[in-house]
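To start, the structure itself, in structure tokens.
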There are 2 protein chains.
Amino acid sequence: MSEQEIPGYTYGAEAVAKSPVSLEDFDLLKKTVLFTEEDEKYLRLAGEVLADQVDEVLDLWYGFVGSHPHLVHYFTNLQGEPDSDYLAAVRKRFGQWILDTCNRPYDQDWLNYQHEIGLRHYRTKKNQTDGVQSVPIINYRYLIAFIYPITATIKPFLEKKGHSADEVEKMHQAWFKSLVLQVTLWTNPYLRPEDY
Amino acid sequence: MSEQEIPGYTYGAEAVAKSPVSLEDFDLLKKTVLFTEEDEKYLRLAGEVLADQVDEVLDLWYGFVGSHPHLVHYFTNLQGEPDSDYLAAVRKRFGQWILDTCNRPYDQDWLNYQHEIGLRHYRTKKNQTDGVQSVPIINYRYLIAFIYPITATIKPFLEKKGHSADEVEKMHQAWFKSLVLQVTLWTNPYLRPEDY
Ligand code: HEM
Ligand code: HEM
């Protein structure tokens, strides 16, 4: 599926608000997670490795969410049942996110869309993109906790295309750093600006 | 240095308030980061491995903080200079924390002290324990970002006592999970209760 065909995927669009995190502050965050040009290089390589495995990665993550009532909760309708249309709509954007994480330059457009993703997990915009009636917010604590499974479970997929252990490790560390950066950016709407 | 001799270290003391996170909610967090009894076992092993390396670990972490003005900032006095007494006082508790992370049961006392550590990074209690005059809060974004360096830099120390690659990896994953859990707990005071 090409990007344009993904409903609700508004990367780079005018409608996406400017991130409250400046490029200068983002630069300090990159320094804090030791993110360098080498990581960008290995993210590109990870993008090649993951390109034809996106569906399998999503099967695994959706299986994880689906098998835990306290997680699938955030995809339920007002009757408390999982909303399969909602799950399916988010899945397409989630797949595109894997590729964006690997292939996009981390510039102002990227920063803005990270903020948009944050708003879509928070009260501000959850449910709006897909026009669904579901719980109003993804509780903060699980956003941070997900850093672990989303980092750990990607590694076997990075190993599948015959790269050396050293290359796999470098792709994996770059992924881990990027995820920490993104969750840091996404949680901005949850915080008082002066505490962030 | 024995625990009793660490100024400001109040683990298990009456004065430590009860964590707002219940053991039931903590259990769901553990499930979310795939934390099991096997991780407890490997944390104990990590505790043996790290016991006589605590000072070297702290040298590395303090070197990292010290070499970045945007990080050492949080240890500065009102004149903007690093407060060496403050740095030294925190260092002792930080060393004990490494051992606690590995050796303590993650029970109610542990949960309570995690909340206390959170309060000490937040406006509520920063600077009070050591009676210093410093900046009033550690900004949220660096707490999340630190998950990367505090995870990545521990690995070489876990490798130093001749354990197999598989054992080192298991110790490292257990450390990573624990750190994600702890940072999730520590940031509680930064969040509105209904968003957490
Ligand atoms: C590291 C953590 C996480 C990652 C990488 C992640 C990734 C994503 C992505 C890429 C999207 C689509 C963004 C877009 O609209 O373009 C999304 C949306 C969503 N995620 Fe997450 N997510 C994380 C944590 C969570 C957690 C813990 C839950 C709870 C189970 C969750 C539930 C949802 C829901 C319900 C949506 C749809 C929000 C809406 O209504 O627009 N996510 N996530
Ligand atoms: C994963 C992230 C972090 C870990 C594991 C960590 C660990 C610790 C520990 C164990 C303590 C002592 C707790 C006690 O009093 O018993 C502490 C206090 C402190 N940390 Fe952190 N920390 C983290 C993030 C940060 C960051 C990003 C900064 C900013 C440079 C920072 C600055 C401080 C300061 C200034 C104190 C003293 C607070 C007070 O006044 O009581 N920490 N930290």
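Chain A is the first sequence line, chain B the second, and so forth, proteins listed ahead of strands; every chain is numbered from 1.
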Once side chain to side chain contact (heavy atoms under 4.5 Å, CB included) is applied, do any residues pair with A:S84, and if so which ones, sequence neighbours excluded?
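Per chain and number, A:S84 pairs via side chain to side chain contact (heavy atoms under 4.5 Å, CB included) with no residue.
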Nearest 0.5 angstrom please: [X] [atom1] to [Y] [atom2], how far?
X	Y	atom1	atom2	answer
A:Q173	B:T151	CD	OG1	9.0 Å
A:L29	B:I144	CG	CD1	10.5 Å
B:R141	A:F26	CZ	CZ	12.5 Å
A:N139	B:L191	CG	CG	9.5 Å
B:R192	A:R123	CZ	CZ	8.5 Å

How would you list, by chain and number, every residue that makes a salt bridge (Lys or Arg N to Asp or Glu O under 4.0 Å) with A:D59, sequence neighbours excluded?
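In terms of salt bridge (Lys or Arg N to Asp or Glu O under 4.0 Å), with neighbours along the sequence ignored, A:D59 is linked to A:R91.
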Within the supplied structure, the quantity of interest is the number of heavy atoms (other residues, nucleotides, ligands) at a distance under 6.0 Å from B:Q108 CD; does it exceed 12?
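Counting neighbours around CD of B:Q108, more than 12 heavy atoms of other residues, nucleotides or ligands fall under 6.0 Å, so yes.
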Decide if atom CD of B:E37 counts as having more than 12 heavy atoms of other residues, nucleotides or ligands within a radius under 6.0 Å.
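No.
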If you look at every heavy atom in B:P149 and A:L34, which pair is closest and at what distance?
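Scanning both residues completely, I find the closest heavy atoms to be CB-CD1, 4.5 Å.
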Contact winner vs chain A - B:D25, B:V180, B:I137, B:L28, heavy-atom pairs under 4.5 Å
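Most heavy-atom pairs within the cutoff with chain A belong to B:L28.
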Are a donor atom and an acceptor atom from the side chains of [X] and [Y] found within less than 3.5 Å of each other?
X	Y	answer
B:Y140	A:T187	yes
A:T32	B:Y148	no
A:D195	B:Y122	yes

Can you hop from [X] to [Y] via hydrophobic side chains spaced under 4.5 Å?
X	Y	result
B:Y9	B:L119	no
B:V90	B:I138	yes
A:L179	A:I154	yes

From A:T184, A:V183, A:I147, residue fulfilling side-chain contact (heavy atoms from CB on, under 4.5 Å) relative to B:I147
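Single pass found, and it is A:I147.
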Pair B:F176, A:F176 - check ring pair (Phe, Tyr, Trp, His ring centres under 6.0 Å), show working.
CA-CA 11 Å; B:F176 180 11; A:F176 179 11; 4.5 Å; yes
Check whether A:F35 gets within reach of chain B through its side chain, its backbone, both or neither, counting any heavy atom under 4.5 Å.
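Neither the backbone nor the side chain of A:F35 comes within 4.5 Å of chain B.
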